Number of protein chains: 2
Amino acid sequence: MERDSPAAAYYEMHAYLCKALAHPVRLLIIDQLRDGPQAVGDLADRMGLSQSNLSQHLGILRAKRLVSHRREGSNVYYQIRDPRLIRAFDLLREVLRDVLREDDWLVGSFQASTPAPLPSLGRL
Amino acid sequence: MERDSPAAAYYEMHAYLCKALAHPVRLLIIDQLRDGPQAVGDLADRMGLSQSNLSQHLGILRAKRLVSHRREGSNVYYQIRDPRLIRAFDLLREVLRDVLREDDWLVGSFQASTPAPLPSLGRL
DNA sequence: GCATAATATTCCGACATCCGAATGTGGTTG
DNA sequence: CAACCACATTCGGATGTCGGAATATTATGC
């Protein structure tokens with residue numbers, strides 16, 4: 001494949017989109033928006049995140065056109081743009097479940113290399 | 001807020017998996033393995049990547065259990081473990097297509113001047 | 001207009017990822 | 001075993017990402 005072919009550009013953009021999924025907080029946000037729009041404040045409360053940090057993550061999802069937002073009064077409501085995003089999310093989660101079932105992976109390489117903790121939430 | 005709840009750990013691992021998709025070269029690899037196993041050397045030739053770099057990316061996919069590998073003679077063959085990975089790949093590519101159609105986010109602007117902070121990953 | 005609430009953006013130090021070069025490892029061939 | 005081949009791993013510097021604090025923006029109520 002040529003280095004700067006249109007195909008290569010497509011993979012770059014695809015990766016650019018996927019980077020939005022490559023962070024636990026943003027996955028949590030997507031999962032929270034699964035059943036409809038949510039106001040930023042409510043999300044922050046429920047997720048136990050700082051306002052600034054949540055807003056930054058929402059900004060990333062917004063820049064990549066994965067969520068849309070509208071003002072309503074003094075609040076801003078975010079929602080998922082495309083339901084296929086949820087389907088992709090769920091597919092990857094299924095893959096993850098099977099990976100975890102196959103071998104004892106959790107106690108192996110993962111925990112060693114990722115010390116980052118997270119606020120809790122939600123249904124699995 | 002329990003920062004180490006099982007739910008949070010799940011999102012962390014989900015993100016850890018997604019990071020494998022968050023790079024154009026690894027997406028290209030996944031696409032190349034779509035129709036069956038491939039030897040490392042063939043992949044390197046076809047993609048025009050350095051041996052070292054390809055091997056590092058394969059190592060990441062392998063560590064996350066997204067591909068499996070087997071020796072055969074002096075070659076090593078890689079393949080996708082779970083077809084749902086391909087489905088997720090395709091879903092996200094569809095979402096990308098529509099995103100690009102909605103706003104004219106790409107056309108002409110991707111290569112010359114970046115409207116939103118699109119990352120330039122040097123060379124593919 | 002002023003004060004306040006809700007959200008966004010900027011700045012910056014800490015940490016993670018990327019890639020090439022060099023080096024290591026295991027299998028094959030003579 | 002020695003020389004190669006196919007591939008993996010390590011090292012290091014450049015570059016990118018993260019999150020908190022501070023600051024800016026946009027509405028609402030008075």
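So that the names make sense, note that chain A is the first sequence line, chain B the second, and so on, each numbered from 1. Since the model is a prediction, treat every value here as computed from it, not as a measurement.
- Here dT15(D) presents its P atom at 15 Å from NZ of Lys19(A), a figure rounded to the nearest Å.
- Here the side chain of Ser50(B) is nearest to one of dC7(D), dG19(D), dG20(C), namely dG20(C).
- Dashed line: the shortest gap from a side-chain N or O of Arg26(B) to OP1 or OP2 of dC18(C) is under 4.0 Å.
- Atoms CG (Leu49(A)) and P (dA8(C)) sit 14 Å apart, rounded to a whole Å.
- Both tests pass for Arg93(A) against the ring of Tyr11(B): distance under 6.0 Å to the centre and angle within 45° of the axis.
- Look at Tyr16(B) and you won't find any side-chain N or O under 4.0 angstrom from OP1 or OP2 of dT17(C).
- Under the 4.0 Å criterion applied to side-chain N and carboxylate O atoms, Arg87(A) and Asp90(A) are not assigned as salt-bridge partners.
- If you find the closest nucleotide of DNA chain C to Ser74(A) and to Arg71(B), the one lying nearer the 5' end belongs to Ser74(A).
- Of the side-chain N and O atoms in His23(A), one or more sit less than 4.0 angstrom from OP1 or OP2 of dG19(D).
- Checking Ser55(B) against Ala22(A), the closest nucleotide of DNA chain D that is more toward the 5' end is the one next to Ser55(B).
- Ile29(A) has its CD1 atom 13 Å from the C1' atom of dG19(D), to the nearest Å.
- Per the geometry, NE2 belonging to His57(A) stands 17 Å off P belonging to dT7(C), to the nearest Å.
- Rounding to whole angstrom units, CG of residue Asn53(A) and P of dT9(C) are separated by 14 Å.
- Residues Asp98(A) and Arg84(B) are paired through a salt bridge, judged by an N-O separation under 4.0 Å between the basic side chain and the carboxylate.
- Heavy-atom neighbours of Arg62(B) CZ from other residues, nucleotides or ligands within 6.0 Å: above the threshold of 12.
- At distances below 3.5 Å, at least one donor-acceptor pair connects side-chain atoms of Arg26(B) with backbone N or O atoms of Lys19(B).
- One N or O donor and one acceptor, one from the side chain of Ser52(A) and one from the base of dA21(D), sit under 3.5 Å apart.
- Within the 4.0 angstrom heavy-atom criterion, no nucleotide atom of any strand lies near Tyr77(A).
- At a cut-off of 3.5 angstrom, counting only N and O atoms as typed in the model, there is a donor on one side and an acceptor on the other between the side-chain of Gln51(A) and the base of dA8(C).
- At the phosphate of dT9(D), OP1 or OP2 sits under 4.0 Å from a side-chain N or O atom of Arg62(B).
- Residue Gln56(B) places no side-chain atom within donor-acceptor reach of the base of dA8(D), judged by atom type and a 3.5 Å distance cut-off alone.
- Counting to the nearest Å, the P atom of dA6(D) and the CG atom of Leu58(B) are 16 Å from each other.
- The nearest whole Å value for the distance from the CD1 atom in Ile60(A) to the C1' atom in dG16(D) is 12 Å.
- Side-chain atoms of Phe89(B) and Leu21(B), non-hydrogen and from C-beta on, never get closer than 4.5 Å to each other.
- Comparing atom distances between the Val76(B) side chain and each of dT17(D), dA8(D), dT7(C) picks out dA8(D) as nearest.
- Atom P of nucleotide dA6(D) and atom CG of Leu43(B) are separated by 14 Å, given to the nearest angstrom.
- Contact annotation for Gly59(B): no contact, since no heavy-atom pair falls under 4.0 Å across all strands.
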